[in-house]
Amino acid sequence: MSIGYACQTVGVPNTDQKSCIMKNASDDNLLIIISHNLTCLEKIINFNIENSIMLFRISSDIIPFGSSIAKNLPWWEIFASEIQAIGIKIQSSGMRVSMHPGQYTVLNSPNEDVVDRAIDDLNYHTKVLDSLGVGSEHKIVLHIGGIYNDKIGAINRFIANYHRLNENVIQRLVFENDDKSYNISDVLEIAAILNVPVIFDNLHNKIKPSDLTKSEGYWIDKCSRTWKQKDGNQKMHYSQQNMLKRSGSHSISIWIDEFMELYQSLDNKAIDIMLEVKDKNLSAVKCINCTTHNNSIKALKLEWSKYKYAILERSPINYAEIRKLFSSKDEYTAINFYNLVEEALRSHCTTENSINAALHIWRYLKDTLLEKEKASFLKHLDDYRQGKIPIRTIKNSLYKMAIKSQKSYLINSYYFVF
DNA sequence: CACCGTCAAGTCGCA
DNA sequence: TGCGACTTGACGGTG
C-alpha cells in the first residue's frame with residue numbers, strides 16, 4: 001500500500017508553484033515559470049523520497065496553460081534533461097505519480113470546442129507523464145462530465161469521444177465517480193464498456209451514492225477488478241468532509257480514527273490511497289505512520305519534533321501528555337500520538353501560550369542574531385501582547401530568521417504551518 | 001506585509 | 001438568453 005497526497009506540499013521550503021494570468025503568458029514568461037515549477041517538482045519528489053511517501057499527484061498547473069497557450073512551446077525539449085532527471089528519481093524510488101484534470105475538462109460536452117479542448121488537455125497531461133518516462137501505471141484521472149438533461153445521450157457521447165483519444169492517453173486513463181452526476185455504478189458501467197480502470201472516491205460516493213445498501217468495501221472490491229497488470233495496483237481517493245464547510249469540502253486533516261476504520265475494513269491492503277486534504281503531506285505521513293510498523297518509533301519522534309511547538313501553542317496539556325507518552329516504557333502507538341496531536345490542533349491559542357511558543361523558538365535563534373533583529377522581535381512581541389499585530393507576523397519573522405540561521409530543526413517545524 | 005478582488009475553466013440552476 | 005454560483009490557489013493591485 002502506498003499513501004500519498006495531491007499537487008503541493010505544506011511546510012516544505014521552496015516548493016510553491018508559480019502561475020500567471022493569460023495576459024502575461026508570453027513564451028519568455030512561461031519558460032521562466034515552467035523552469036521554476038520543475039525545480040519545485042524535483043524538491044517535492046526529493047521530500048517524498050526522504051519521507052517514504054510513494055504516491056503523489058503532479059499538479060496540472062506545472063505547465064501553465066499547458067493545453068492551450070503553451071501547447072506549441074516545446075517545454076519537453078527545452079527542459080528535457082531536467083524532466084528526465086525527475087523521472088529517474090520517481091522510477092528508481094518506486095514512487096507512483098498521477099495527474100488529474102479538473103472539473104473543467106469535459107470530454108462529453110455537446111459543444112465541439114469544449115471537447116476539442118478536453119482532448120488537448122488530456123494530451124497535455126499525457127505529455128507530462130510521457131516526458132518523465134514513467135510507465136502506464138502512472139495514471140491520469142478523469143471524471144465523466146456533464147448530463148445536459150440526457151444522461152444516456154451524454155454517456156454515449158462520452159464513449160464516442162473516448163474513441164477519439166490517442167493510444168498513449170488511453171494507456172494512462174482511469175475514471176472516477178463524482179459528487180454530482182456520475183455515481184460509482186454509472187462509472188463502473190461506462191468503464192466496463194471501455195475496459196478502463198475505476199477509482200473509487202469515498203466522499204463523492206457519500207454525497208452521491210448509487211446504492212445505500214452497499215458498503216464502501218463492496219465498491220472498492222468491484223473497482224479492483226477493473227485494474228489490470230499494466231495499470232499497477234488499484235488506486236482510490238480518500239477524503240473526509242469538512243464539517244464547517246459545504247458538502248464536498250475537504251477536511252483540514254485526515255482524522256486518523258476515521259481513516260483507520262477504512263484501513264481496517266480493506267480486504268486488499270495492496271491498494272494505493274490518494275488523500276485529498278488541506279494539510280497534504282502532513283496527513284500522508286500521519287496515515288503512513290499509522291499503517292506501517294517498521295521504524296515507527298523513529299518516525300514518530302521525528303514527527304513530534306515537527307509538531308511540538310504548534311502543540312505547545314495550543315495545548316500545553318497535550319504537549320505534556322505526548323512527552324509522557326514518549327518517555328513511558330509502556331507500549332505506545334502512532335494512533336495514540338496522532339489523537340493527541342489532532343486534539344491539540346483543534347484547540348485555540350491563547351495569547352499567553354502563543355507567546356510562550358514563540359519564545360521557545362526564539363531561544364534557538366537569539367544567539368545568532370544582530371542586536372537590531374533582537375530589538376525588532378521584542379517590539380513585535382510587545383505589539384502582539386497589546387493586540388496590535390497578529391501572531392502570524394511574529395511567526396513570519398521567526399521563520400525568516402530560522403532560514404537565515406540555517407536552523408533546519410526550526411525550518412521543518414509545523415509551527416510555521418498552522 | 002496583509003488583505004482582497006480577480007483569474008481561468010465548463011456546467012447548471014434560475015430569472 | 002444570460003448571469004451568478006461553484007472551485008482552487010496564485011496573481012496582482014491596494015493600503
Side-chain angles (χ1 to χ4, degrees), chain A residues 5-12 14-26 29-30 32-34 36-37 40-41 44 57-71 99-122 124-125 142-151 153-155 157-158 161 176 178-182 201 203-204 207-208 237 239 241-242 245-252 276-280 376-377 379-380 383-384 387-401 403 416-417:
Chain A
Y5 64 101
C7 302
Q8 56 188 167
T9 61
V10 152
V12 182
N14 304 314
T15 58
D16 286 340
Q17 305 246 10
K18 284 195 187 307
S19 67
C20 67
I21 58 173
M22 268 186 158
K23 70 168 185 183
N24 297 331
S26 63
N29 201 26
L30 285 173
I32 291 167
I33 294 170
I34 292 165
H36 171 89
N37 289 354
C40 291
L41 177 61
I44 292 172
R57 180 190 301 164
I58 296 171
S59 169
S60 296
D61 297 328
I62 182 108
I63 312 291
F65 306 104
S67 60
S68 53
I69 302 169
K71 189 165 65 162
M99 295 187 81
H100 188 8
Q103 59 187 306
Y104 300 110
T105 301
V106 185
L107 191 59
N108 74 341
S109 176
N111 179 335
E112 264 304 300
D113 291 340
V114 171
V115 176
D116 288 344
R117 283 195 287 273
I119 292 171
D120 282 346
D121 204 32
L122 290 169
Y124 151 67
H125 284 86
L142 183 69
H143 291 293
I144 304 301
I147 300 271
Y148 317 94
N149 298 316
D150 172 16
K151 197 162 184 175
I155 290 171
R157 202 162 47 242
F158 182 87
N161 290 339
E176 182 198 347
D178 67 78
D179 58 358
K180 284 195 169 65
S181 306
Y182 295 91
D201 183 304
L203 184 60
H204 291 163
I207 296 164
K208 184 164 177 66
H237 289 175
S239 57
Q241 175 66 44
N242 182 330
K245 293 196 174 174
R246 75 183 71 251
S247 172
S249 289
H250 294 149
S251 59
I252 296 164
E276 295 180 317
V277 61
K278 292 288 173 203
D279 72 358
K280 305 288 181 185
S376 163
F377 172 76
K379 169 82 167 66
H380 269 145
D383 287 347
Y384 170 65
K388 289 185 192 166
I389 58 168
I391 192 68
R392 179 47 54 190
T393 307
I394 291 180
K395 287 196 180 192
N396 288 348
S397 77
L398 283 170
Y399 186 66
K400 277 189 184 161
M401 292 188 267
I403 298 273
F416 300 107
V417 169

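Letters go in sequence order (proteins before strands), and every chain restarts at 1.
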Trainee: Closer to the 5' end of DNA chain B via nearest nucleotide, is it A/Ile147 or A/Thr393?
Mentor: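 It is A/Thr393 whose nearest nucleotide is closer to the 5' end.
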Trainee: Do any N or O atoms from the side chain of A/Asn161 and from the backbone of A/Leu107 form a donor-acceptor pair under 3.5 angstrom?
Mentor: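 Pair found, side chain donor or acceptor close to backbone of A/Leu107.
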Trainee: Of A/Gly145 and A/Asn396, whose closest DNA chain B nucleotide lies nearer the 5' terminus?
Mentor: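 The 5'-side residue here is A/Asn396.
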Trainee: What residues, two or more places apart in sequence or in another chain, satisfy ring pair (Phe, Tyr, Trp, His ring centres under 6.0 Å) together with A/Tyr182?
Mentor: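 For A/Tyr182, no residue satisfies ring pair (Phe, Tyr, Trp, His ring centres under 6.0 Å) once neighbours in sequence are set aside.
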Trainee: Mind jotting down which residue pairs meet the salt bridge (Lys or Arg N to Asp or Glu O under 4.0 Å) criterion with at least one end in residues 15-26 of chain A? Sequence neighbours excluded, please.
Mentor: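 Every candidate salt bridge (Lys or Arg N to Asp or Glu O under 4.0 Å) pair involving residues 15-26 of chain A fails, so no pair, neighbours aside, qualifies.
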Trainee: With sequence neighbours left out, write down each residue that passes ring pair (Phe, Tyr, Trp, His ring centres under 6.0 Å) with A/Phe65, or none if nothing qualifies.
Mentor: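 Counting only residues at least two positions away or on another chain, A/Phe65 forms no ring pair (Phe, Tyr, Trp, His ring centres under 6.0 Å).
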Trainee: Residues two or more places apart in sequence or in another chain: which of them pass side-chain contact (heavy atoms from CB on, under 4.5 Å) with A/Ile391?
Mentor: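 A/Glu313, A/Ser354, A/Tyr384, A/Ile394, A/Lys395.
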Trainee: Please name all residues satisfying ring pair (Phe, Tyr, Trp, His ring centres under 6.0 Å) with A/His380, sequence neighbours left out, ordered by chain then number.
Mentor: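 For A/His380, no residue satisfies ring pair (Phe, Tyr, Trp, His ring centres under 6.0 Å) once neighbours in sequence are set aside.
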Trainee: Going 5' to 3' on DNA chain B, which nucleotide is the first and which the last to come under 4.0 Å of a heavy atom in chain A?
Mentor: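 With heavy atoms of chain A under 4.0 Å away, the range is B/dC1 to B/dC12.
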Trainee: Nucleotide by nucleotide, 5' to 3', does protein get under 4.0 Å of the base (B), only the sugar-phosphate (S), or neither (-) in nucleotides 5-14 of chain C, counting heavy atoms?
Mentor: -SB-SSSS--
Trainee: Among all residues two or more places apart in sequence or in another chain, which pass the side-chain contact (heavy atoms from CB on, under 4.5 Å) test with A/Asp61?
Mentor: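 side-chain contact (heavy atoms from CB on, under 4.5 Å) list for A/Asp61, sorted by chain: A/Ser59.
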Trainee: Please identify each residue that fulfils ring pair (Phe, Tyr, Trp, His ring centres under 6.0 Å) with A/Tyr399, with sequence neighbours left out.
Mentor: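 Result, ring pair (Phe, Tyr, Trp, His ring centres under 6.0 Å) vs A/Tyr399: A/Phe416.
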Trainee: Where along residues 106-118 of chain A does a heavy atom come under 4.0 Å from DNA chain C, residue by residue in number order?
Mentor: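 Heavy-atom cutoff 4.0 Å gives no residues at all.
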Trainee: Could you list the residues that satisfy side-chain contact (heavy atoms from CB on, under 4.5 Å) with A/Asn396, not counting sequence neighbours?
Mentor: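 A/Asn396: side-chain contact (heavy atoms from CB on, under 4.5 Å) contacts with A/Arg392.
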Trainee: Name all residues meeting the salt bridge (Lys or Arg N to Asp or Glu O under 4.0 Å) criterion together with A/Lys400; count only those two or more places apart in sequence or in a different chain, and write none if there are none.
Mentor: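 Applying salt bridge (Lys or Arg N to Asp or Glu O under 4.0 Å) to A/Lys400 gives none.
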